[in-house]
Protein chains: 2
Amino acid sequence: MPAQPGPADAALKLDQFLPYRLNVCANSVSTALSAIYSARHRIGVPEWRILVTLGEFGLMTAKAIGIHSQMHKTKVSRAVAMLERRKLVARRVNCDDLREAFLSLTPAGRDIYNDLAPGALEFARQLMETMEPAERAALDRALSKLTERSAKIAADIAKGGNPG
Amino acid sequence: MPAQPGPADAALKLDQFLPYRLNVCANSVSTALSAIYSARHRIGVPEWRILVTLGEFGLMTAKAIGIHSQMHKTKVSRAVAMLERRKLVARRVNCDDLREAFLSLTPAGRDIYNDLAPGALEFARQLMETMEPAERAALDRALSKLTERSAKIAADIAKGGNPG
DNA sequence: GACAGTTGGTTGCAAGAGAAACTAATTTCC
DNA sequence: GGAAATTAGTTTCTCTTGCAACCAACTGTC
């Protein structure tokens, strides 16, 4: 058993390493999806997430959008600013708290949302149909568990520096 | 059934949308992992991937590293340059083809690899143990299928603009 | 009611990323 | 043997992103 250089002692294979595989898969899926919507409208991932979030909830503050769509507040801020410039989202300051504003889709924004949502759902459906129902369920559970577990591990590292 | 704004007609829910969930999961896992290795050595994801690839294969060109680790050639170029500056990888020009060079870990690079690999494997193990064996297998198959399918969809879009 | 601390949101800045242009070496084809 | 096309790798330019600092408004607490 070589303790020195060489392929022999490598138990770590990148293409079987779960974090890497997750990244590659997520990236591939994300690229394909954004090929769908960025072709129809000049829109990036952050803008897409905001449209979808507002499409679902109707009226939200930037902060709430950030929480729901897991985006940094600066990303939300800039994406909203861009959508506002294009008159796709409207801003109405909350008079009970002048710091924040309620955001919503304009009719034009709603049109784009209605134009894109079916394609996105169809895309998701096409992905789903590559899997057995049981596989789908397993994937769903796995993604939740992995997200949760890795967040906890990261938090532990940030806190103590060592696992717990 | 409202055809207008409002939450009611939203069949598209971001937090159940597969591409989004994949992204969030991959990101969470990736962040946790890089918390592990970037704490011990000042290293980013591209550098990490190169270390692991060279750790596994021993001797490779930049091009081959890029293919194996799914990284753009500019990313590989810069990460390799950085690792070279730190004397963690060595470059030996191929005298049969002066355009390319064979890269490999220096002893110092091998040390870092040996230092990081166990932690990375342990991390992957901790993720794995959140899942049943059957779930793990399902996840594995699912990731492969999703990656493949989405790549195909994206290629179809790039080609014809329409699915096939 | 004023001062300290917090919170929603924006902005300045520096690092990271890809596209395209570029260099140098190699292959192809006549 | 030499021009045209390819290929490995680097560099330049530009856009994105995240962190930190910041501003303005709000919430205590005294």
Side-chain angles (χ1 to χ4, degrees), chain A residues 23-24 26-28 30-32 34-35 37-39 42-50 53-54 59-86 89-104 154 158, chain B residues 23-24 26-28 30-32 34-35 37-39 42-50 53-54 59-86 89-104 154 158:
Chain A
N23 251 320
V24 170
N27 198 54
S28 175
S30 193
T31 300
S34 88
Y37 58 64
S38 79
R42 252 301 149 281
I43 268 183
V45 176
E47 291 80 18
W48 158 258
R49 286 191 184 175
I50 287 174
T53 302
L54 288 179
L59 199 71
M60 274 179 121
T61 66
K63 165 123 191 157
I65 292 177
I67 291 171
H68 182 75
S69 64
Q70 295 264 21
M71 294 197 293
H72 191 93
K73 61 180 183 172
T74 62
K75 211 190 265 187
V76 174
S77 174
R78 288 191 258 247
V80 165
M82 193 265 237
L83 293 171
E84 222 184 330
R85 267 195 302 278
R86 291 209 214 160
V89 320
R91 172 191 306 255
R92 221 199 57 222
V93 172
N94 175 9
C95 23
D96 290 345
D97 184 343
L98 301 182
R99 288 171 306 179
E100 66 186 11
F102 294 118
L103 303 167
S104 59
Chain B
N23 251 321
V24 169
N27 197 54
S28 174
S30 194
T31 300
S34 88
Y37 58 64
S38 78
R42 251 301 151 283
I43 268 183
V45 175
E47 291 80 16
W48 160 258
R49 286 192 184 174
I50 288 173
T53 303
L54 289 178
L59 200 69
M60 275 179 120
T61 67
K63 164 127 190 153
I65 292 177
I67 291 171
H68 182 74
S69 64
Q70 296 264 20
M71 294 197 293
H72 194 262
K73 62 180 181 172
T74 61
K75 212 190 268 189
V76 174
S77 174
R78 289 191 260 247
V80 165
M82 193 266 238
L83 293 171
E84 223 183 330
R85 267 195 301 280
R86 292 210 214 161
V89 320
R91 172 191 307 255
R92 220 198 59 222
V93 172
N94 176 8
C95 22
D96 290 346
D97 185 342
L98 300 183
R99 289 170 305 179
E100 67 186 9
F102 295 118
L103 304 166
S104 59

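Numbers restart at 1 for each chain; the letters A, B, ... are given by sequence-line order, proteins then strands.
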Fill in: Residues that Gln70(B) engages under side-chain hydrogen bond (donor to acceptor under 3.5 Å, both in side chains), provided they are two or more places apart
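Result, side-chain hydrogen bond (donor to acceptor under 3.5 Å, both in side chains) vs Gln70(B): none returned.
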Non-hydrogen atoms of [X] and [Y] that approach each other most closely:
X: Val76(A); Y: Gly66(A); answer: CG2-CA, 3.7 Å
X: Ser69(A); Y: Ile65(A); answer: OG-O, 2.7 Å
X: Arg91(B); Y: Ala101(B); answer: CG-CB, 3.5 Å

Practice prompt. Map Pro46(A) and Ala81(B) onto DNA chain D by nearest heavy atom, then report which one ends up closer to the 5' terminus.
Written response: Ala81(B)
Worksheet item: Would you find a donor on one side and an acceptor on the other, under 3.5 Å apart, between the side chain of Ser77(B) and the backbone of Lys73(B)?
Response: no
Worksheet item: Would you say Thr31(A)'s side chain and Asn27(A)'s backbone share a donor-acceptor pair under 3.5 angstrom?
Response: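 Checking the backbone N and O of Asn27(A) against the side chain of Thr31(A), a donor-acceptor pair under 3.5 Å is found.
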Using 0.5 Å steps for rounding, measure from the [atom1] atom of [X] to the [atom2] atom of [Y].
X: Phe102(B); Y: Asn94(B); atom1: CZ; atom2: CG; result: 4.0 Å
X: Lys63(B); Y: Arg99(B); atom1: NZ; atom2: CZ; result: 10.0 Å
X: Lys75(A); Y: Glu47(A); atom1: NZ; atom2: CD; result: 10.0 Å
X: Thr61(B); Y: Ile67(B); atom1: OG1; atom2: CD1; result: 7.5 Å
X: Ser34(A); Y: Ile43(A); atom1: OG; atom2: CD1; result: 11.0 Å
X: Glu100(A); Y: Arg92(A); atom1: CD; atom2: CZ; result: 11.0 Å

Fill in: Along DNA chain D, first and last positions that approach a heavy atom of chain A under 4.0 Å
dT17(D) to dC26(D)
Worksheet item: Where does the chain A footprint on DNA chain C start and end, counting 5' to 3' with a 4.0 Å heavy-atom cut-off?
Response: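 Nucleotide range with atoms under 4.0 Å of chain A: dT7(C) to dG12(C).
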Fill in: Rounded (10°) bend between the five-pair end axes of the helix from dG1(C)-dC30(D) to dC30(C)-dG1(D)
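It comes to 10° between the two terminal axes.
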Worksheet item: Are the side chains of Asn23(A) and Arg49(B) in touch, meaning some heavy atoms are under 4.5 Å apart?
Response: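 They are in side-chain contact.
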Worksheet item: If we only count heavy atoms from C-beta on, is the Met71(B) to Pro46(B) side-chain gap below 4.5 Å?
Response: yes
Response to the item:
Partner of Leu103(B) under side-chain contact (heavy atoms from CB on, under 4.5 Å), picked from Val80(B), Ile50(B), Leu83(B), is Val80(B)
Worksheet item: Can you list, by residue number, the residues of residues 73-80 of chain A that have a non-hydrogen atom closer than 4.0 angstrom to DNA chain D?
Response: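 Within residues 73-80 of chain A, the residues near DNA chain D are Thr74(A), Lys75(A), Arg78(A).
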Discussion item. Let's see if you get this right: which residues in residues 94-104 of chain B place a heavy atom under 4.0 Å from DNA chain C?
Written reply: Asp96(B), Asp97(B), Leu98(B), Arg99(B)
